[in-house]
Trainee: 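I am attaching a structure below and will ask some questions about it afterwards.
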Amino acid sequence: MPVIDGVIVQRLSEKLTDGSIAPGLDPYGTDDAIGALNTAFVADGYFVDIADGAELDKPVELQNLQAGGQTHVRLAVRVGAGANAVIVERQTGEGAALVSSVSQLLLDEGADVTWLIVQEQPDTATHLAQFKAHLGKNSKLTLFVMNAGGKLVRQEIVVKTTGEGADFTLRGINLLAGDTHTDVTMVLDHAVPHTASTEVIRNVVTGRARGVFQGRINVHQYAQKTNAKMACNTLLLSDDGEFSTKPELEIFADDVVCGHGATVTEIDHSHLFYLMARGIDEKSARGLLVKAFVAEVIEELDDEAIVEALETRLDGWFATHG
């Protein structure tokens, strides 16, 4: 295992052998199919503990690289009080596969984490993933999710604010092509007062691909002064592609600011004509418009190297599927 100041990294297989990770393997509910599947078959992964006050100057990358068949992994991370870290989770591989992956994150008071999930499974893989996080007092989590692969993908996001002042930001990009299906489902619980969240999802759909975003924000009775906003925007590049959205708010407090919205659109032909009239071929012009549609989400990230890497992946996806 690599040695990083202020960080303890262990193979999950060691903690499975001694039983110390067992209490954290339980599914979060009776209908948690991905959690139950992963608990039954998980064989490895990583446990990462970041010490109080640690300031990591480079991202920590956690990789799950499958080579066909079945792969079941779990990534468990605790970030101590006042610590600051960027964590990159890469999900990729080759060949026909069934993959289940569960990521668990616990943020102590004042911790600040940016977590990126980059999913690029081949179009022969089924990818079932879950991200679960508890946010302590005055902690901040920025979660970025890019789905750019997989035949059948289900990405669940389950977040709970457990301390006042917690702040959650979700930014997602779903790039869907061919005859694939991607489902992103989020459940966010604002359980205490004075917490905030914003979620923005951008989807690009071409071919006969199908996509779904289900997002539910629960504001508990005592979670006064909650500020929560959610938006899902979709760009359709073909007549045969589909994307369904289901944003939900369930509010039991009376002093909150909450809202949600969803849009579905096609490329504006006047914009396309403008670019082509200036000597840009149609595919390149469409690529520029698609990139502009999702670039706003990517460019919110502070790390220039990460932004450049994500934009390179976006360009590669469009070169293949655009």
Trainee: Tell me the closest heavy-atom pair linking N203 and F293, and the distance in Å.
Mentor: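 Heavy-atom minimum between the residues: O-CE2, 3.4 Å.
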Trainee: Taking all non-hydrogen atoms of both residues, which atom of A85 and which atom of I50 are closest, and how far apart?
Mentor: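 Minimum heavy-atom contact is CB-CD1, 3.8 Å.
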Trainee: Ignoring hydrogens and geometry beyond distance, is a side-chain donor-acceptor pair present between Q155 and N174 at under 3.5 Å?
Mentor: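 The criterion, which ignores hydrogens and geometry beyond distance, is not satisfied for N174 and Q155.
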Trainee: Is there a path of hydrophobic side-chain contacts, each under 4.5 Å between heavy atoms, that joins F243 and L175?
Mentor: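 No, F243 does not connect to L175 through the hydrophobic network.
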Trainee: Which atom names give the shortest non-hydrogen contact between G35 and R74, and what distance separates them?
Mentor: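 Shortest heavy-atom contact: O-NH2, 3.9 Å.
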Trainee: Does atom NZ of K140 have more than 12 heavy-atom neighbours, drawn from other residues, nucleotides or ligands, at distances under 6.0 Å?
Mentor: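 No, because the 6.0 Å sphere around NZ of K140 holds 12 heavy atoms or fewer from other groups.
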Trainee: Are the side chains of L75 and I87 in touch, meaning some heavy atoms are under 4.5 Å apart?
Mentor: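 Counting from C-beta outward, L75 and I87 never come under 4.5 Å.
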Trainee: In Å and rounded to the nearest 0.5 Å, what is the CE to OG1 distance from M230 to T245?
Mentor: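 One finds 9.5 Å between CE of M230 and OG1 of T245.
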Trainee: I need the F47 CZ to R11 CZ distance, nearest 0.5 Å.
Mentor: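 Answer rounded to 0.5 Å: 15.0 Å.
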Trainee: Under 6.0 Å from the CD atom of E94, do we count more than 12 heavy atoms belonging to anything else shown?
Mentor: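 Counting neighbours around CD of E94, 12 or fewer heavy atoms of other residues, nucleotides or ligands fall under 6.0 Å, so no.
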Trainee: Can H190 and T195 be counted as having a side-chain donor-acceptor contact under 3.5 angstrom?
Mentor: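 Looking only at side-chain atoms, T195 and H190 do form a donor-acceptor pair, the distance falling under 3.5 Å.
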Trainee: For side-chain contact (heavy atoms from CB on, under 4.5 Å), just list the numbers for L116 and M146, CA-CA rounded to whole Å, side-chain angles, deciding distance to a tenth of an Å, and then say yes or no.
Mentor: CA-CA 8 Å; L116 296 92; M146 174 184 276; over 6 Å; no
Trainee: Decide whether L176 and F144 are clustered together by the hydrophobic rule: side chain heavy atoms of Ile, Leu, Val, Met, Phe, Trp, Tyr closer than 4.5 Å, transitively.
Mentor: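 Different hydrophobic clusters.
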Trainee: If you count every heavy atom of other residues, nucleotides or ligands that lies below 6.0 Å from D302 atom CG, does the total exceed 12?
Mentor: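 No, because the 6.0 Å sphere around CG of D302 holds 12 heavy atoms or fewer from other groups.
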Trainee: Do the side-chain N and O atoms of R216 and T185 include a donor-acceptor pair separated by under 3.5 angstrom?
Mentor: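 R216 vs T185: no donor-acceptor pair found between side chains.
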Trainee: Specify the closest pair of heavy atoms between A223 and V256, including all atoms of both residues, with the distance to one decimal.
Mentor: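 For A223 and V256, the tightest heavy-atom pair comes out as O-CG1, 3.9 Å.
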Trainee: Quick one, D183 with R154, criterion salt bridge (Lys or Arg N to Asp or Glu O under 4.0 Å). Give me CA distance, side-chain angles, the key distance, then yes/no.
Mentor: CA-CA 5 Å; D183 177 332; R154 166 88 170 187; 3.0 Å; yes
Trainee: Does some side-chain heavy atom of E300 sit less than 4.5 Å from a side-chain heavy atom of V307?
Mentor: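 Side-chain contact under 4.5 Å: no.
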Trainee: Is there side-chain contact between T126 and Q121, with at least one heavy-atom pair below 4.5 Å?
Mentor: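 No, every pair of side-chain atoms sits at 4.5 Å or beyond.
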Trainee: Taking atom OG of S139 and atom CG of D112, what is their separation to the nearest 0.5 Å?
Mentor: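 These two atoms lie 9.0 Å from each other.
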Trainee: Which atoms form the tightest heavy-atom contact between K283 and A319, and what is the distance?
Mentor: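 The pair with the smallest heavy-atom distance is NZ-O, 3.1 Å.
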Trainee: Got more than 12 heavy atoms from elsewhere within 6.0 Å of CG, D239?
Mentor: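 No, because the 6.0 Å sphere around CG of D239 holds 12 heavy atoms or fewer from other groups.
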Trainee: Answer yes or no: is there an ion pair linking R78 with D49, defined by an N-O contact shorter than 4.0 Å?
Mentor: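 Yes, charged N to carboxylate O under 4.0 Å.
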Trainee: Between T265 and L235, is there a side-chain heavy-atom distance shorter than 4.5 Å?
Mentor: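 They are in side-chain contact.
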Trainee: Of all the heavy-atom pairs spanning T161 and V192, show the shortest one and how long it is.
Mentor: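 Closest approach of T161 to V192: O-CG2, 3.8 Å.
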Trainee: Could you tell me the separation between the OG1 atom of T114 and the CD1 atom of I306, rounded to the nearest 0.5 Å?
Mentor: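 Here the interatomic distance stands at 7.5 Å.
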Trainee: Are L275 and V204 co-members of a hydrophobic cluster defined by side-chain heavy atoms under 4.5 Å apart?
Mentor: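 Linked, V204 and L275 end up in one cluster.
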Trainee: Just wondering, more than 12 heavy atoms not from E55 lying within 6.0 Å of its CD?
Mentor: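 Atom CD in E55 is crowded, with more than 12 foreign heavy atoms closer than 6.0 Å.
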Trainee: If we ignore angles and hydrogens, is there a donor and acceptor under 3.5 Å between the side chains of S238 and D240?
Mentor: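 Result is no, nothing qualifies.
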Trainee: Let me confirm one number: the CZ-OG1 distance from R210 to T182, rounded to the nearest 0.5 Å.
Mentor: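 R210 CZ to T182 OG1: 12.0 Å, rounded to 0.5 Å.
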Trainee: Are R286 and F318 in a cation-pi setup, meaning NZ or CZ lies under 6.0 angstrom from the ring centre and within 45 degrees of the ring axis?
Mentor: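 Checked: cation-pi criterion not met.
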Trainee: Contact between C258 and V219 at the side-chain level, heavy atoms closer than 4.5 Å - yes or no?
Mentor: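 Yes; the side chains approach each other to less than 4.5 Å.
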Trainee: Quick one: pull up CZ in R90 and CG in L65 and give me the separation to the nearest 0.5 Å.
Mentor: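 Between R90 CZ and L65 CG, I get 6.5 Å after rounding to 0.5 Å.
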Trainee: Find out if a path of hydrophobic residues (ILVMFWY) with successive side-chain heavy-atom gaps under 4.5 Å connects F213 to L152.
Mentor: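 F213 and L152: separate clusters.
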Trainee: Is the closest side-chain heavy-atom distance between K151 and D179 below 4.5 Å?
Mentor: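 Sidechains of D179 and K151: in contact.
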Trainee: Answer yes if the side chains of Q91 and Q119 hold a donor-acceptor pair under 3.5 Å, and no otherwise.
Mentor: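 Result is no, nothing qualifies.
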Trainee: Within a strict 4.5 Å, meaning less than it, do heavy atoms of the F252 and H220 side chains meet?
Mentor: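 When only atoms from C-beta onward are counted, H220 and F252 do not touch, as no gap falls below 4.5 Å.
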Trainee: Taking L135 as the starting point, is it possible to reach L143 by hopping between hydrophobic residues whose side chains are less than 4.5 Å apart?
Mentor: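 Per the 4.5 Å side-chain linkage, L143 and L135 are co-clustered.
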Trainee: Within the 3.5 Å criterion, strictly below it, is a donor on E242 or S244 matched to an acceptor on the partner's side chain?
Mentor: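 On atom types as modelled, these side chains do not qualify, holding no pair under 3.5 Å.
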Trainee: Against D189, only a single residue in K160, E250, H134 fulfils side-chain contact (heavy atoms from CB on, under 4.5 Å); can you say which?
Mentor: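 Answer after filtering K160, E250, H134: K160.
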Trainee: Would you say N218 and E248 make side-chain contact, with heavy atoms under 4.5 Å?
Mentor: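 In short, these two side chains do not touch, never coming nearer than 4.5 Å.
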